[in-house]
> 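First the structure, then my questions, so here it is.
Residue numbering restarts at 1 for every chain, and letters A, B, ... go by the order of the sequence lines.
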2 protein chains.
Amino acid sequence: MTAHATRTARRRDPSTSAAAGREAVLKAALEAFFAHGYHDTSMRKIADGAGTVISHAYYYFPSKVEILRTLMIGVTTDLIVILEAARDAAGADPVERLAALVRNHVRLHTERQAESFVANTELRSLSATERQEVVDLRDHIATLFKDVVDDGLQQGRFTTPHRDEAVLAIITMCTAVAGWYRTDGPKAPEAIADAYVDLALGMVGYAAPSAG
Amino acid sequence: MTAHATRTARRRDPSTSAAAGREAVLKAALEAFFAHGYHDTSMRKIADGAGTVISHAYYYFPSKVEILRTLMIGVTTDLIVILEAARDAAGADPVERLAALVRNHVRLHTERQAESFVANTELRSLSATERQEVVDLRDHIATLFKDVVDDGLQQGRFTTPHRDEAVLAIITMCTAVAGWYRTDGPKAPEAIADAYVDLALGMVGYAAPSAG
DNA sequence: GGTCAATTTGAGCGAATGTTCAATCAAGGT
DNA sequence: ACCTTGATTGAACATTCGCTCAAATTGACC
C-alpha cells in the first residue's frame with residue numbers, strides 16, 4: 001500500500017520518521033509546560049519525554065522558546081478560525097452569535113486544554129517580538145467578541161453600559177476554563193459551555209424573552 | 001522622640017535598619033516577580049534591586065521561595081480580612097453583600113496590583129506544602145462568595161441555575177483585573193469596581209427592581 | 001576601651017541550564 | 001559497492017543558578 005508513495009517523497013518515510021519525531025518533541029514539551037511551566041522545564045526533560053536526546057530535539061527546533069512559540073501560535077490561530085466559523089454559522093442574531101463564540105471558546109479550552117493553558121500562562125516567557133505576535137492574535141479574538149456585543153447593543157438586545165469590561169470579563173472567564181477543567185470532573189464540556197453562555201448573556205444584559 | 005524607645009529594643013534602631021532591609025528585599029522581589037516572573041528573577045537581581053548583596057538577602061529569608069511565599073500569603077490573608085469586613089458592613093441583603101465582595105475584591109487587585117498578580121500567577125512556583133497553604137486561603141475566599149450567592153438564591157433575589165460556574169467566573173474576572181489594570185488607564189479603580197458589580201449581578205441572574 | 005550580638009560582605013561551591021558540534025548511523029538512488 | 005543526504009548521537013562548552021560560610025563591620029551597652 002505505502003510502497004512508492006508520492007514522487008517527491010523524502011528518502012525515509014516522513015510519516016513515521018521526520019514528522020513523527022518533531023511531533024514527539026512538541027507533545028513532550030506541551031505536557032511538561034502544562035504540568036510544570038516553561039521555566040521549570042529543561043530541554044533535557046523535553047528530550048526524555050520524547051524518547052530521544054537533547055541534541056536531537058535541537059534538530060527540529062532552533063531553541064526552547066521556539067517550541068513554546070509553535071505551541072502558542074498554533075492553538076491561538078486555530079481558535080480564531082474556529083470562532084469565526086462558528087460565528088458565521090450562527091446566523092445574524094447577535095444573541096446566537098455571542099452564544100456561538102462563547103460555546104466554541106469554552107469547547108476548545110477543554111478539548112485542547114494543555115495548549116490553551118500554556119498559551120494563556122506563558123506569555124511572559126516569550127521575548128518581545130514573539131510576544132507581540134501572540135498579543136495581536138489575542139486582540140483579534142477580542143475584536144470578534146467586541147463586534148458581536150456592539151451589534152447586540154445597537155439592536156437593543158443587550159443593555160449593559162459596560163461593553164469593554166463585559167467583553168474582557170467574558171473572554172477571561174472562558175479562557176480560565178483551561179485552568180481548572182478536569183476530564184473526570186462533575187461536568188461535561190458541553191454542560192460547562194451551556195452555563196458559560198448563560199453567564200455571558202447575563203453579563204451583557206440580555207433580557208431573555210420570558211417564555212414565548 | 002525616638003530616644004530610648006522600648007526597653008527590649010534591639011541594639012540598632014529596628015525601624016531604620018533590620019525591618020527596613022527586610023522590606024527592601026521584599027519590595028525588590030515583588031517588583032521583579034511582577035515584571036519578569038518568579039523563575040526569571042534571580043536572587044542576584046533581587047539583591048541588586050534592594051541595594052545590597054545576595055548573601056545579605058539570605059540573612060532575612062532562608063530561600064528564594066520563602067520570599068514568594070511571604071508575599072503570596074500576605075496579600076491573600078489581607079484580602080480575606082477585607083472581604084469579610086466589607087461583607088459584614090454591607091448588612092444582610094445578599095445583593096449588597098455580593099456587591100461589597102466584588103467591589104472590595106476589585107479594589108484590592110488594583111491597589112495592590114503587583115502582589116495580587118504574583119499571588120495569582122506563581123502558584124505553581126511553590127512546592128506542594130506551601131501551595132496547599134495558599135490554595136486553602138483561596139478556597140476560603142471562594143466560600144465567602146458561595147455563601148452569599150446561596151443566600152441570594154434562597155431568597156429568590158438571584159436566579160442563575162449555574163451557582164458553581166457563576167461563583168468561579170466572578171472570582172476569576174475580579175482576579176484578572178490585576179493582570180491588565182493600569183494606573184494611567186481610561187478608568188479609575190472605583191469605576192471598574194462599579195462595572196464589575198453590575199457584571200457579577202448579571203451573572204447570578206439578579207433581576208433589578210426597575211425604578212422604585 | 002572592650003564586649004557582644006546584630007548586621008553586612010566577598011568569594012566560591014556544586015549543580016543545572018540552553019546550546020553547539022563534530023562524528024556516526026541509516027537508507028534511497030545510481 | 002558507492003554516494004549523498006537526512007537522522008541521530010555523545011560529549012562538552014560557557015553561563016547562570018540557589019545557596020553557604022567564614023570573616024569583617026557596626027553600634028549599643030558595660
Side-chain angles (χ1 to χ4, degrees), chain A residues 2-26 28-29 32-33 36-71 122 125-127 130, chain B residues 2-26 28-29 32-33 36-71 122 125-127 130:
Chain A
T2 58
H4 34 64
T6 57
R7 295 191 300 124
T8 57
R10 289 171 196 79
R11 304 305 169 86
R12 304 224 195 141
D13 184 354
S15 69
T16 59
S17 179
R22 201 187 122 101
E23 286 304 309
V25 171
L26 268 182
F33 292 165
H36 310 107
Y38 177 79
H39 282 292
D40 254 8
T41 299
S42 68
M43 284 296 280
R44 282 156 181 87
K45 288 180 192 167
I46 294 176
D48 273 0
T52 181
V53 292
I54 191 173
S55 47
H56 186 49
Y58 277 96
Y59 178 72
Y60 296 118
F61 297 94
S63 67
K64 183 184 165 190
V65 78
E66 183 62 24
I67 302 179
L68 179 63
R69 196 188 81 103
T70 302
L71 292 169
E122 301 289 0
S125 302
L126 298 172
S127 57
E130 304 150 340
Chain B
T2 58
H4 34 63
T6 58
R7 296 192 300 124
T8 56
R10 289 169 198 81
R11 302 306 168 85
R12 304 228 194 137
D13 184 354
S15 69
T16 59
S17 180
R22 201 186 123 102
E23 286 305 309
V25 170
L26 268 182
F33 292 165
H36 311 295
Y38 177 78
H39 282 293
D40 254 8
T41 299
S42 68
M43 283 296 280
R44 283 155 180 87
K45 288 180 192 168
I46 294 176
D48 273 0
T52 180
V53 291
I54 190 173
S55 48
H56 187 48
Y58 277 98
Y59 177 73
Y60 296 117
F61 298 95
S63 67
K64 183 185 165 190
V65 79
E66 183 62 25
I67 301 180
L68 179 63
R69 196 189 81 102
T70 301
L71 292 169
E122 301 289 359
S125 302
L126 298 173
S127 57
E130 303 150 340

> Minimum heavy-atom separation for Lys64(A) and Phe33(A), please, with both atom names.
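It is CE-CE2, 4.4 Å.
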> Could you check how far NE2 of His36(A) sits from P of dT17(C), rounded to whole Å?
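Rounded to whole Å, this separation is 13 Å.
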> Parallel, tilted or perpendicular for His56(B) and Tyr60(B), by the 30°/60° rule?
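Ring orientation, 0 to 90° scale: perpendicular.
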> What is the distance, to the nearest angstrom, from the CG atom on Asp48(B) to the C1' atom on dT9(C)?
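After rounding, the reported distance stands at 14 Å.
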> Specify the closest pair of heavy atoms between Glu122(A) and Ser125(A), including all atoms of both residues, with the distance to one decimal.
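Heavy atoms of Glu122(A) and Ser125(A) come nearest at OE1-OG, 2.8 Å.
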> Tell me the interatomic distance from Phe61(B), atom CZ, to dT20(D), atom P, rounded to whole angstroms.
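Answer to the nearest Å: 15 Å.
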> Could you please name the option among dG18(D), dT17(C), dA7(D) that lies closest to any side-chain atom of Arg44(A)?
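The answer is dT17(C).
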> Looking only at heavy atoms, which two atoms of Ala24(B) and Ala50(B) are closest? And how far apart?
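Result for this residue pair: O-CB, 3.6 Å.
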> Determine, step by step, whether Ser127(B) and Val65(B) satisfy the side chain to side chain contact (heavy atoms under 4.5 Å, CB included) criterion, reporting the C-alpha distance in whole Å, the side-chain angles of both residues, the deciding distance to 0.1 Å, and the verdict.
CA-CA 9 Å; Ser127(B) 57; Val65(B) 79; 5.7 Å; no
> Respond yes when some side-chain nitrogen or oxygen of Tyr60(B) is under 4.0 Å from OP1 or OP2 of dT8(C), and no when none is.
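Answer yes for this pair, as a side-chain N or O of Tyr60(B) is under 4.0 Å from OP1 or OP2.
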> Between the opening five pairs and the closing five pairs of the helix from dG1(C)-dC30(D) to dT30(C)-dA1(D), how far apart are the helix axes, to 10°?
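Axis-to-axis angle, ends of the helix: 10°.
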> Does the side chain of Tyr59(B) get closer than 4.0 angstrom to OP1 or OP2 of dT7(C) through an N or O atom?
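Checking Tyr59(B) against dT7(C): at least one side-chain N or O falls below 4.0 Å of OP1 or OP2.
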> Could you please spell out the steps behind the side chain to side chain contact (heavy atoms under 4.5 Å, CB included) verdict for Met43(B) and Tyr58(B)?
CA-CA 9 Å; Met43(B) 283 296 280; Tyr58(B) 277 98; 3.4 Å; yes
> Could you state the OH-C1' distance from Tyr58(B) to dA22(D), rounded to the nearest angstrom?
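Taking OH of Tyr58(B) and C1' of dA22(D), I get 18 Å after rounding.
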> For Met43(A) and dC13(D), give me the distance from atom CE to atom C1', rounded to whole Å.
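That distance rounds to 16 Å.
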> Please determine if a side-chain N or O atom of Thr52(A) lies less than 4.0 Å away from the OP1 or OP2 oxygen of dT9(D).
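Result: yes.
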> State whether Ser42(B) places a side-chain N or O below 4.0 Å from either non-bridging phosphate oxygen (OP1 or OP2) of dC17(D).
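Answer is yes, contact under 4.0 Å.
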> Closest-nucleotide mapping onto DNA chain D: is Tyr38(B) or Ser55(B) further toward the 5' terminus? I mean the 5' end.
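Whichever sits nearer the 5' end wins; that is Tyr38(B).
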> In whole Å, what is the span from the CD1 atom of Ile54(B) to the C1' atom of dC13(C)?
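Atom-to-atom, Ile54(B) to dC13(C), this comes out as 12 Å.
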> Mapping His56(B) and Lys64(B) onto DNA chain D by nearest heavy atom, which one lands closer to the 5' end?
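In this pair, the answer is Lys64(B).
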> Measure CG/Asp40(B) against P/dG18(C) and give the value in whole Å, please.
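Roughly 11 Å, once rounded to whole Å.
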> Return the CD1 to CD1 distance between Ile46(B) and Ile67(B), rounded to the nearest 0.5 Å.
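Rounded to the nearest 0.5 Å, the CD1-CD1 separation comes out at 4.5 Å.
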> What is the separation between atom NE2 on His39(A) and atom C1' on dG18(D), rounded to the nearest whole Å?
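Atom NE2 in His39(A) sits about 16 Å away from atom C1' in dG18(D).
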